[in-house]
Amino acid sequence: MARPDLSIRQLLADGSVTSRAELAHHLGVSASTASAWVGQLIAEGVVVEDGILASQGGRPRRRLRLSQPPGHLLLVDLGGHHARVGIADLQGSISCAAVKEVAVSQGPDAVLETLRLMIEELPVEGPMLGVGLALPGPVQPDGSVRLPSRMPGWAGYPIRQAAMECFGAPVVVENDANAMALGEHRSQFGSRGHSITVKAGTAIGSGIIVDGQLYRGATSASGDVTHTRVEAAGPRPCTCGKLGCLETIASGAGIVARMQEQQVPVSSTADVLARCADGDPIATTMIRTAGSHLGEVLSPVVSFFNPDAVFLTGGLASSQHFISAVRARIYDGCHPLMTEALRIEAASLGADAGLHGMALLAAAGAEAAR
């Protein structure tokens, strides 16, 4: 049997496997075949053994990783009003990160120029080996954005090609919630298990992990719960053009709009959270209600999918009022079998979850391009 070098390298690069046993499982070969392939790759200097993995019963397993060429990965997690940029090595270790205000509504050309200037200020060594770019919209397999509701000027724009020309390195483009889901899941469960990560910020998005792998769906739009119709939203118009979407009452933008209707002087999710921290009853009620509505939409998802965990990230997830409301609504709406071992909690990686996910994807992209 021919050795599937590209598959092995990509599995190691994106963290899907870290041992011979996991490699055998993913490729559907015997343990002896996987071990023989690994031995050849070690002899060729492609793979190295790097420590011992925790024993799960039986002999200790040696950790495998790709040999690391000099250079770095550029990671970008673009939100509606800011960009979080990081530098990592091929093993996903992030050495520095910076945040800068940038409006995605300025369009892709202006955003790329802002990112280029940000990178010049970061301490980097060696060549850029790859770029991971997370975007707040539905990303297609060709790297373009399709039918974005909050990204004017981005629909159909060849962002992957433009970014490759801008940075001079292979580029991987992914939805931001998917990147967060991958980063958080791998940090918690490794390459096994099932989880949902929900980003609740200006808008709402979620990423789904099945057996340790990112699930994108038939049209690369899985997890787009923000445009689910909810009765409590009534006829409120949504940015997608429909009426009564979850986003209109459970997102940061939706809360801001509702508070402004009550003449409360807020202009951002951060303003609402600050008022909630100060004990403002309107802001607190709004955030709790938003969490309850999100939990209402997630309940049938949890019942259908039966995940190990629901992780919450984004600005609203910094409020315990929001997390508690989501948890209470899911517990109330699901059968006990679905919730008896279910974890519902804030993402442990916080705002860097997207960068960690893009590090895995960018490393795999850079490896595939070698």
Side-chain angles (χ1 to χ4, degrees), residues 77-85 97-106 110-111 114 118 134-137 148-152 176-177 180 197-206 225-227 230 232-234 236-240 244-297 311-329 345-347 349-355:
D77 185 3
L78 184 63
H81 303 287
H82 73 279
R84 182 175 293 272
V85 176
V99 180
K100 186 179 182 67
E101 289 188 4
V102 54
V104 71
S105 60
Q106 293 176 342
V111 168
T114 299
M118 284 185 69
L135 301 177
S149 60
R150 291 183 176 274
M151 301 178 70
D176 59 349
M180 289 180 172
T197 296
V198 181
K199 178 189 177 184
T202 301
I204 299 172
S206 65
V225 297
T226 195
H227 299 299
V230 290
R236 287 178 175 273
C238 180
T239 55
C240 71
C245 294
L246 176 69
E247 178 177 309
T248 65
I249 57 173
S251 68
I255 295 173
V256 168
R258 296 181 70 192
M259 291 186 69
Q260 289 175 344
E261 290 171 2
Q262 298 185 36
Q263 308 302 313
V264 180
V266 295
S267 59
S268 67
T269 305
D271 291 343
V272 178
L273 290 167
R275 283 180 169 269
C276 180
D278 286 340
D280 182 291
I282 297 178
T284 302
T285 298
M286 287 283 190
I287 287 177
R288 283 176 174 164
T289 302
S292 182
H293 289 315
L294 177 59
E296 174 189 357
V297 169
F311 299 117
L312 301 170
T313 187
L316 291 176
S318 65
S319 169
Q320 192 58 48
H321 296 294
F322 182 80
I323 294 175
S324 296
V326 173
R327 184 184 294 121
R329 192 60 179 263
E345 58 196 52
L349 296 177
D352 284 338
L355 293 183

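The side-chain contact (heavy atoms from CB on, under 4.5 Å) with Thr313 is formed by just one residue from the set Thr197, Asp352, Val198; it is Thr197.
Of the possible donor and acceptor atoms, none in the side chain of Thr248 sits under 3.5 Å from a partner among the backbone N and O of Gly244. In terms of modelled atom types and a separation under 3.5 Å, the side chain of Gln260 and the main chain of Val266 share a donor-acceptor contact. Not one N or O on the side chain of Ser319 forms a donor-acceptor pair closer than 3.5 Å with the backbone of Leu316.
Closest of all the heavy-atom pairs between Ala317 and Ala346 is O-CB, 4.3 Å. Ile204 and Thr226 make their closest contact through O-CB, 2.9 Å (heavy atoms, listed as atom of the first residue, atom of the second, distance). For the pair Asp280 and Ile282, the tightest heavy-atom approach, listed with the atom from each and the gap, is OD1-N, 2.9 Å. Taking all atoms of both residues into account, the shortest heavy-atom contact from Ser206 to Val225 is OG-CG1, 4.1 Å. Taking each heavy atom of Pro136 and Gly80 in turn, the nearest pair found is CG-N, 4.5 Å. Shown here for Ile287 and Cys276, the closest heavy-atom pair between the two residues is CD1-CB, 3.7 Å.
Taking CE of Met286 as the reference point, atom NE2 of His321 lies at 15.0 Å (rounded to 0.5 Å). Here the straight-line distance linking atom CG of Asp278 with atom CG of Leu273 works out to 11.0 Å at 0.5 Å rounding. Atom OG1 of Thr114 and atom CD of Gln106 lie 5.5 Å apart (nearest 0.5 Å). Note that NE2 of His81 is 7.5 Å distant from CZ of Arg150, once rounded to the nearest 0.5 Å.
In this structure the side chain of Ile255 never reaches within 4.5 angstrom of the side chain of Thr289, judged on heavy atoms. You'll find the side chain of Val85 stays beyond 4.5 Å of the side chain of Lys100, heavy atoms only. No side-chain heavy atom of Leu349 sits under 4.5 Å from any side-chain heavy atom of Phe311. Under the 4.5 Å side-chain criterion, counting only non-hydrogen atoms from C-beta, Cys240 is not in contact with Glu247. You'll find the side chain of Val264 reaches within 4.5 Å of the side chain of Arg275, heavy atoms only. Looking only at side-chain heavy atoms (C-beta outward), Thr239 and His227 come within less than 4.5 Å of each other. Annotation: side chain of His293 is not in contact with side chain of Ser251 (no heavy-atom distance under 4.5 Å). Within the 4.5 Å cutoff, the side chain of Val256 has heavy atoms near those of the Val272 side chain.
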Quiz item: Do Asp176 and Leu78 pass the side-chain contact (heavy atoms from CB on, under 4.5 Å) test, and can you show the C-alpha distance, the side-chain angles, and the key distance before you say yes or no?
Solution: CA-CA 7 Å; Asp176 59 349; Leu78 184 63; over 6 Å; no
Quiz item: Please walk me through it: do Met180 and Asp77 pass side-chain contact (heavy atoms from CB on, under 4.5 Å)?
Solution: CA-CA 9 Å; Met180 289 180 172; Asp77 185 3; 3.6 Å; yes
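The number of heavy atoms from other shown groups lying within 6.0 Å of CD (Glu261) is above 12.
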